[in-house]
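In what follows, a single structure is set out as structure tokens and then discussed.
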Amino acid sequence: MYNDKLVIVIMPAYNAAKTLKKTYDEVIAQGVVDKIIIVDDASSDETVTIARGLPKTEVYTHPKNQGYGANQKTCYKLALDHKADIIIMVHPDYQYTPKLIPAMTSLIGNGLYSCVLGSRILGGYALKGGMPIWKYIANRFLTLVENMLTGAKLSEYHTGYRAFTKEILEKIPFDLNSNDFVFDNQILTQVLWEGYTIAEVSCPTKYFPEASSVNFTRSLKYGFGCLGTGLLYRLAKMNIVRSKLFPRNEVPMGYYLRRYGKRA
């Protein structure tokens with residue numbers, strides 16, 4: 001607990017057997033996490049077996065691989081079902097250090113922000129941590145364009161290390177987002193759409209063989225998806241188009257979907 005708020009860490013897992021225990025140990029060592037929820041997306045290694053042996057952990061599995069975005073949807077819904085007040089996503093591949101959990105929790109738990117990102121760009125950690133130069137250039141280009149389209153001033157939109165209040169996740173319609181990697185981008189633009197300010201903390205990161213990585217083809221698809229999301233956001237802001245991802249209805253679509261279980 002932090003300031004009487006229940007803190008839950010979610011881990012969308014896929015073939016993370018080699019790094020899961022190390023990530024878990026560091027999460028628990030921070031002393032503020034009440035529960036960990038691991039959702040396995042049909043791994044072919046021992047991820048589930050290892051996860052089920054971890055204390056303070058709830059483990060759920062997808063019978064078939066549904067994709068990174070679909071995994072996050074399950075994670076966030078389960079965290080809300082478990083009455084989490086603060087939800088922090090930590091990848092179980094140990095690419096992002098869990099040592100930032102207390103800082104991210106503090107920013108949210110003290111009412112300063114409703115969404116916090118662990119940025120690899122702030123502090124210059126991306127290249128130092130081994131990010132391939134082509135990914136770094138793509139990250140900077142996409143972030144520049146997205147900031148222009150959304151009006152935000154983020155250092156990056158593409159980190160997988162992020163924390164939310166329950167109020168944000170109850171409000172935005174993340175259910176309608178992609179089941180693939182562009183989900184990460186869509187949910188942040190939805191947070192901005194609702195008028196929230198996103199905080200960032202500088203985050204060291206590591207690139208090594210066991211850490212998950214997206215190949216060039218999928219990265220290209222992700223990049224176009226990000227540009228499409230940013231453009232859709234801008235057109236919706238200008239009232240040129242209407243989008244279920246960026247609703248204008250008085251009752252938040254995310255609430256509607258989770259209560260009634262169907263699309264508007």
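Worth knowing before you read on, the calculation uses all heavy atoms, side chains too, and leaves out hydrogens, waters and symmetry mates.
With salt bridges taken as basic N to acidic carboxylate O contacts below 4.0 Å, one links K21 and D25. Looking at D180 and R218, a side-chain N of the basic residue comes within less than 4.0 Å of a carboxylate O on the acidic one, giving a salt bridge.
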Test salt bridge (Lys or Arg N to Asp or Glu O under 4.0 Å) on D45 and K18; report intermediate values, then the result. CA-CA 9 Å; D45 63 6; K18 293 181 179 179; over 6 Å; no
Let me see the working for I87 and I10 under side chain to side chain contact (heavy atoms under 4.5 Å, CB included), right down to the final yes or no. CA-CA 7 Å; I87 301 96; I10 59 167; 4.0 Å; yes
Set out, in order, the CA-CA distance, both residues' side-chain angles and the distance that settles ring-ring contact (aromatic ring centres under 6.0 Å, His included) for Y113 and Y196, then state yes or no. CA-CA 8 Å; Y113 294 95; Y196 293 99; over 10 Å; no
Show, in sequence, the C-alpha distance, side-chain angles and deciding distance for I37 and H82, and conclude whether the side chain to side chain contact (heavy atoms under 4.5 Å, CB included) test is met. CA-CA 10 Å; I37 294 176; H82 283 80; 3.9 Å; yes
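Taking all atoms of both residues into account, the shortest heavy-atom contact from M89 to G160 is CE-O, 3.0 Å. Here the closest non-hydrogen pair linking A152 and L192 is CB-CD1, 3.8 Å. In terms of heavy-atom proximity, S44 sits nearest to N15 at N-OD1, 2.7 Å. Closest approach of P55 and G53 over heavy atoms only: CD-O, 3.7 Å. The two residues I38 and I36 make their nearest non-hydrogen contact at CG1-CG2, 3.9 Å. V201 and L122 get closest at one heavy-atom pair: C-CD1, 4.3 Å.
For the atom pair S202 OG and L100 CG, the distance stands at 8.0 Å (nearest 0.5 Å). Annotation: the span from I172 atom CD1 to C115 atom SG amounts to 8.0 Å, rounded to 0.5 Å. Interatomic distance, CG of L188 versus CD of E156, reported as 9.5 Å (0.5 Å rounding). In this structure, CD on Q95 lies 9.0 Å from SG on C203, to the nearest 0.5 angstrom. Separating the CG atom in N139 from the OG1 atom in T159 is a distance of 9.0 Å, to the nearest 0.5 Å. Taken to the nearest 0.5 Å, the OG1 atom of T19 stands 5.5 Å off from the CG atom of D93.
Neither side chain, N179 nor Q66, offers a donor N or O lying under 3.5 Å from an acceptor on the other. Inspection of the S155 and E200 side chains reveals an N or O donor paired with an N or O acceptor under 3.5 Å. Counting only N and O atoms by type, the side chains of N65 and D41 include a donor and acceptor under 3.5 Å apart. Checking S178 against Q186 by side-chain atom types alone, no donor-acceptor pair falls below 3.5 Å. A side-chain donor-acceptor contact under 3.5 Å links Y68 and H91. A donor-acceptor pair shorter than 3.5 Å cannot be found between the side chains of T74 and N71.
With contacts defined as side-chain heavy-atom distances shorter than 4.5 Å, the pair I187/T189 does not qualify. Side-chain contact between T165 and I86 is absent, with no heavy-atom pair separated by less than 4.5 Å. In this structure the side chain of E146 never reaches within 4.5 angstrom of the side chain of L149, judged on heavy atoms. Proximity of S219 to W134: side-chain heavy atoms (C-beta onward) are separated by under 4.5 Å at one or more points. For the pair K56/K35, no side-chain contact is recorded, criterion being any heavy-atom separation below 4.5 Å from C-beta on. N177 has its side chain within reach of Q190: a pair of non-hydrogen atoms, C-beta onward, lies under 4.5 Å apart. H158 is listed as a side-chain neighbour of L142, based on a closest heavy-atom distance under 4.5 Å. In this structure, the side chains of T23 and M11 come closer than 4.5 Å at one or more pairs of heavy atoms.
The backbone N or O of G109 lies less than 3.5 Å from no partner atom in the side chain of K5, so there is not a single donor-acceptor pair. S106 contributes no side-chain N or O that, together with a main-chain N or O of P102, makes up a donor-acceptor pair within less than 3.5 Å. Under a 3.5 Å cut-off, the side chain of T205 and the backbone N or O of A126 do not form any donor-acceptor pair. T47 places a side-chain N or O within donor-acceptor distance of the main-chain N or O of A17, the cut-off being under 3.5 Å. The closest donor-acceptor contact from the side chain of R242 to the backbone of R248 lies at 3.5 Å or more, if one exists at all.
The hydrophobic cluster containing F174 also contains I8, counting ILVMFWY residues as joined when their side-chain heavy atoms lie under 4.5 angstrom apart, directly or transitively. A continuous path of hydrophobic side-chain contacts links F181 to L245 [ILVMFWY only; heavy atoms under 4.5 Å]. Side-chain heavy atoms closer than 4.5 Å link hydrophobic residues (I, L, V, M, F, W, Y) into clusters, and following such links, possibly through other members, connects I108 to I88. The hydrophobic cluster containing F183 also contains L80, counting ILVMFWY residues as joined when their side-chain heavy atoms lie under 4.5 angstrom apart, directly or transitively. Two different hydrophobic clusters hold Y76 and V27 under the rule that ILVMFWY side chains link at heavy-atom gaps under 4.5 Å.
Heavy-atom contacts from other residues, nucleotides or ligands closer than 6.0 Å to CE of M1 number more than 12. At most 12 non-hydrogen atoms from other residues, nucleotides or ligands lie less than 6.0 angstrom from CD of E46. Dense packing is recorded around NZ of K237, with more than 12 heavy atoms of other residues, nucleotides or ligands lying under 6.0 Å away.
Each of D85, D34, N110 was compared with Y2 under the side chain to side chain donor-acceptor pair (under 3.5 Å) criterion, and only N110 meets it. The side chain to side chain donor-acceptor pair (under 3.5 Å) test with Y157 is passed by exactly one of N147, T229, N185, D184: N147.
The aromatic rings of W193 and F246 lie tilted to each other, with the angle between the two planes from 30° to 60°. Ring geometry for Y161 against Y96 counts as tilted: the plane angle lies between 30° and 60°, on a 0 to 90° scale.
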